[in-house]
Number of protein chains: 2
Amino acid sequence: MTSEPIETALALLGRQGTYRVLRALLDGPMRFGELQGVTRLLPRTLSLRLKEMDAMGWVVREQFAEVPPRVEYRLTPAAVALEPLLRAVEAWAEEHA
Amino acid sequence: MTSEPIETALALLGRQGTYRVLRALLDGPMRFGELQGVTRLLPRTLSLRLKEMDAMGWVVREQFAEVPPRVEYRLTPAAVALEPLLRAVEAWAEEHA
DNA sequence: CCGTATCCCACGAGATACTG
DNA sequence: CAGTATCTCGTGGGATACGG
């Protein structure tokens, strides 16, 4: 067995907030504060999750040289490709809640 | 937000061994020992996972009055309905490993 | 605004040993 | 055979406070 990449992906998907962040960013890039509001995650948790998703190649951090500072996060193509998977969970939950 | 059932399902899917157990049982019912062999999980971990999957309504434990004792685990229809989801992760991993 | 630093608690999971 | 009992360690995540 040892389907390593699959299990790594599932592990991250199962962590607190990953699903919410993905769902939010599928509608387009967002700033840290916006993500915080829509996902209702503590800054610490959101920060950790974004770092993990970055390390996973799911998210890209883009910093703008402005005042006040502005940072946006957007999904990589690999993360966008997770959408069918999200739809599958949602469809499942709809049926078997 | 608060898509509770979705996140609960994802959380369990992300735990150690859940994917392996699901994949194994999709081929038909199996005994504890067989599951242990094919998933290569410690008895403790496998036991915990099966209990959680049971509580989740994904798995049914069937005990036979035999000597030596025989116990089989099989998936519920709700768990079988997760297969498209598993295929989606596998397809994703295939593309974006 | 965008995070990081701490402190703390709970629990997930490995290893090993033991029982109905 | 099919698990449970312990012990231990590491980490996930909540709350609050602070820094660039």
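Per chain, numbering begins at 1; letters A, B, ... match sequence-line order.
Taking atom CZ of R40(B) as the reference point, atom C1' of dA13(C) lies 16 Å away to the nearest angstrom. Residue R31(B) contributes atom CZ, which lies 9 Å from atom C1' of dA2(D) at whole-angstrom precision. Here the P atom of nucleotide dA13(C) and the CZ atom of R15(B) are 6 Å apart, to the nearest Å. For the pair Y73(B) OH and dC1(D) P, the computed distance is 15 Å after rounding to whole Å. Rounded to whole angstrom, the span from the CG atom of L42(A) across to the P atom of dA17(D) amounts to 13 Å. At whole-Å resolution of the value, CD in Q16(B) and P in dG12(D) are 13 Å apart. At whole-Å resolution of the value, CZ in R70(B) and P in dG3(D) are 13 Å apart. In this structure, F32(B) places its CZ atom 17 Å from P of dG20(C), rounding to the nearest Å.
In this structure, T18(B) contributes its side chain and L12(B) its backbone to a donor-acceptor pair below 3.5 Å. For the pair W92(A) (side chain) and A79(B) (backbone), a donor-acceptor distance under 3.5 Å is absent. In terms of modelled atom types and a separation under 3.5 Å, the side chain of S47(A) and the main chain of P43(A) share no donor-acceptor contact.
Below 30°, between 30° and 60°, or above 60°: for Y73(B) and F32(B) the angle between ring planes is between 30° and 60°, a tilted geometry.
Between V71(A) and the options R31(A), E66(A), E62(A), R61(A), a side-chain contact (heavy atoms from CB on, under 4.5 Å) holds for only R61(A).
Of the residues in residues 45-69 of chain A, those lying under 4.0 Å from DNA chain D by heavy-atom distance are T45(A), R49(A).
Taking only distance into account, the side chain of R44(A) meets the base of dG13(D) through a donor-acceptor pair shorter than 3.5 Å.
Considering only side-chain N and O atoms, Q36(B) lies nowhere under 4.0 angstrom from the phosphate OP1 or OP2 of dC1(D).
Residue R20(B) holds its CZ atom at 10.5 Å from CD1 of I6(A), rounded to the nearest 0.5 Å.
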